Number of protein chains: 2
Amino acid sequence: MQTRPWIQIAEDLRLRITSGEYAEGERLPSGSTLMGEYGVARQTIQNAVDQLRAEGLVSSIAGRGWFVSKRRPITRLARNRLSADERTAGRGAFLTDAAAADFTPTVTVRVWKEEAGEEVASYLDVPSGTQVLVRDRVMRADGDVVQLAASYLPADLVQGTQVEHVDTGPGGTYARLEEAGFALSHFTEFVSARSPRPAEAESLRIPHGHPVIQVTRVAFAADRPVEVNFISMASDRFQLVYQIDAR
Amino acid sequence: MQTRPWIQIAEDLRLRITSGEYAEGERLPSGSTLMGEYGVARQTIQNAVDQLRAEGLVSSIAGRGWFVSKRRPITRLARNRLSADERTAGRGAFLTDAAAADFTPTVTVRVWKEEAGEEVASYLDVPSGTQVLVRDRVMRADGDVVQLAASYLPADLVQGTQVEHVDTGPGGTYARLEEAGFALSHFTEFVSARSPRPAEAESLRIPHGHPVIQVTRVAFAADRPVEVNFISMASDRFQLVYQIDAR
DNA sequence: CAGTGGTCTAGACCACAAA
DNA sequence: TTGTGGTCTAGACCACTGT
């Protein structure tokens, strides 16, 4: 085999975990022990365990040891809940999710204006440099940061509306947009995943090596894009659910 | 600051890249040079660069150096393309995507039967241990592996149909299901992300540290689940696109 | 050949947890 | 105090690249 030692050790440990040799919540042998068992240096064991942590099989507590991860309940976020019913019920998308998943939501908002960068401009179908309103939000569930979101709207479109304020009122931004004459026709969501920056990982409490789910949502009013929203969330706690009609 | 050196170095290098000090495709200073610049050991530089590679900012070529990544074109996969039109047009979902994204698709299929595990059973709403047909597929684009997929169907449901064969015929599995009297009503897709196992990363040609997009698609016929499909793909080359009506 | 990235080792130090 | 995970260092070796 040409595979590196840390990969083989990770594979062996993974097998020992999935075979049930170490049960959920149980502690793995200590680093020193594993160094002896496999006859390798400390860092090599660390690399192997890092891999298993990234896969979500193992979590670590400094000073205590490595433990087989318990299957955490995953919050499923229904993305088709952006319908008019929910909007007029006076709740934004995040609050709707919170109600469904049964956690206490908190949202911290910062609002400012800036010139649209290339990416934002392309999503909003406006020239680069156009003034946009930015709504930067930190969403917490029971106090823990779980989602980061940044919305961009053409500034002239929301001039003088409640959208320019931190508190957008009942129904949130989408309700205000509709009042302003922009009846929403549909949303397009682009879903991807990426590795977070260290600072981002820390604020979202993402275990080392775990990816972030990245949703870019564009809201359309009569086929004109009126908002683009960049949403990041931890992939070990959230799952997106889409329903597609077979027609 | 209490942040570790490799994080600070990664942040500094990221700034130097995004500010344009190093352009797309340009080579970063060598490891030895950076060791001198920052006054740290080889491994510390390596950790910093590993972070930037995971973020997709940097790619490396052994023996040559580290290079600022070029923005690769991302293939957008429209998920609402599972409609009857497309199915009866004689193409499976992957072939439809291929046509849209303009690459030459190849699919390698292995078929067998086994007893449903807990997860599969729960998605199919059958007792654990029920016989299921497994269709394990490797999808290639222009020769490169880009998607791994494993479908599970209740065995009694597809008994004696073309679904049990490697080649399911025009329209694929879904078309055969409809012929067998299971008219598809809707699909539910669960989207998440995770870190791949090393073997998986290698076969999907995923750069170290890059996540995998994981789609679990359940096909329903009159509200009865008839197929669950676990799909993995590289997150640096694919993006899922969902369209949601505002109603 | 010399230079590059990637990995492994041996040893050290730190913060933290449990006894 | 002892043992734990996590990180950094200095040095070594390998595979690979371009000359």
Side-chain angles (χ1 to χ4, degrees), chain A residues 1-13 17 22 25-69 198-199 201-202 205-210, chain B residues 1-13 17 22 25-69 198-199 201-202 205-210:
Chain A
M1 269 293 188
Q2 47 156 340
T3 56
R4 292 83 90 202
W6 71 264
I7 292 185
Q8 293 216 11
I9 294 171
E11 257 159 23
D12 188 57
L13 286 175
I17 291 171
Y22 302 107
E26 199 173 334
R27 214 198 80 174
L28 294 182
S30 75
S32 320
T33 308
L34 291 173
M35 284 167 66
E37 276 190 32
Y38 292 103
V40 296
R42 174 170 205 72
Q43 191 63 52
T44 307
I45 296 294
Q46 192 73 247
N47 289 343
V49 173
D50 279 349
Q51 171 63 32
L52 298 180
R53 282 202 293 167
E55 293 176 21
L57 274 178
V58 167
S59 58
S60 60
I61 307 179
R64 294 210 32 213
W66 292 307
F67 298 84
V68 179
S69 294
E202 197 180 356
R205 285 215 174 67
I206 295 177
H208 194 289
H210 280 228
Chain B
M1 272 291 190
Q2 46 157 342
T3 56
R4 290 83 89 201
W6 70 265
I7 293 185
Q8 292 216 12
I9 295 172
E11 257 158 23
D12 187 57
L13 286 176
I17 291 171
Y22 301 107
E26 198 173 335
R27 216 198 79 174
L28 293 183
S30 75
S32 321
T33 308
L34 292 173
M35 285 169 67
E37 276 190 33
Y38 292 103
V40 296
R42 175 168 205 72
Q43 191 63 53
T44 306
I45 296 294
Q46 192 74 246
N47 290 343
V49 173
D50 278 350
Q51 171 63 32
L52 300 180
R53 280 201 294 167
E55 293 176 22
L57 274 178
V58 166
S59 57
S60 60
I61 306 178
R64 294 207 36 208
W66 292 307
F67 298 84
V68 178
S69 293
E202 197 180 354
R205 287 217 171 68
I206 295 178
H208 194 289
H210 279 227

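Worth saying up front: this structure is predicted, and the values here are computed from it rather than measured. Per chain, numbering begins at 1; letters A, B, ... match sequence-line order.
- B:Gln8 is not listed as a side-chain neighbour of A:Pro198, based on a closest heavy-atom distance of 4.5 Å or more.
- Regarding A:Asn47, its CG atom lies at a distance of 12 Å from the P atom of D:dG6, rounded to whole Å.
- Atom-to-atom, CG of B:Leu52 to P of C:dG5 comes out at 13 Å; the value is rounded to the nearest Å.
- For the pair A:Tyr22 and A:Val58, the minimum side-chain heavy-atom distance is 4.5 Å or more.
- In this structure, CH2 of B:Trp6 is placed 17 Å from C1' of C:dC14, rounded to the nearest angstrom.
- Residue A:Arg64 places no side-chain N or O under 4.0 Å from the OP1 or OP2 atom of D:dT4.
- Neither OP1 nor OP2 of D:dG11 sits under 4.0 Å from any side-chain N or O of B:Arg42.
- In terms of position along DNA chain C, the nucleotide closest to B:Arg27 lies nearer the 5' end than the nucleotide closest to the other residue of the pair B:Arg27 and A:Ala62.
- Distances from the side chain of B:Gln46 to the nucleotides C:dT7, C:dT9, D:dC8 place C:dT7 closest.
- Nearest heavy atoms, A:Pro29 versus A:Leu34: O-CD1, 3.6 Å.
- To the nearest angstrom, P of D:dT7 lies 14 Å from CD of B:Gln8.
- A:Gln43 has no side-chain polar atom (N or O) that falls below the 4.0 Å cut-off from OP1 or OP2 of C:dT9.
- Phosphate proximity of D:dG3 to A:Ser32: absent, as no side-chain N or O sits under 4.0 Å from OP1 or OP2.
- Look at CG on A:Leu28: it is 11 Å from P on D:dG6, rounded to the nearest Å.
- Atom pair A:Phe67:CZ and D:dG6:P shows a separation of 11 Å (rounding to whole Å applied).
- Nucleic acid contact class of A:Val49 (heavy atoms, under 4.0 Å, all strands): none.
- Atom P of nucleotide C:dT4 and atom CE of B:Met35 are separated by 11 Å, given to the nearest angstrom.
- The distance from atom NE2 of A:His208 to atom P of D:dG5 is 17 Å, rounded to the nearest whole Å.
- For C:dG3, neither phosphate oxygen OP1 nor OP2 lies less than 4.0 angstrom from any side-chain nitrogen or oxygen of B:Ser30.
- Around the CZ atom of A:Arg27, the shell of radius 6.0 Å holds more than 12 heavy atoms that belong to other residues, nucleotides or ligands.
- Applying the 4.0 Å criterion to OP1 and OP2 of D:dG6, one finds that A:Arg53 has a side-chain N or O inside that range.
- Residue A:Trp66 places at least one side-chain N or O closer than 4.0 Å to OP1 or OP2 of D:dG6.
- Taking only side-chain nitrogens and oxygens, B:Ser60 never comes nearer than 4.0 Å to OP1 or OP2 of C:dT4.
- Side chains of A:Tyr38 and A:Leu13 form a contact here, defined as non-hydrogen atoms less than 4.5 Å apart.
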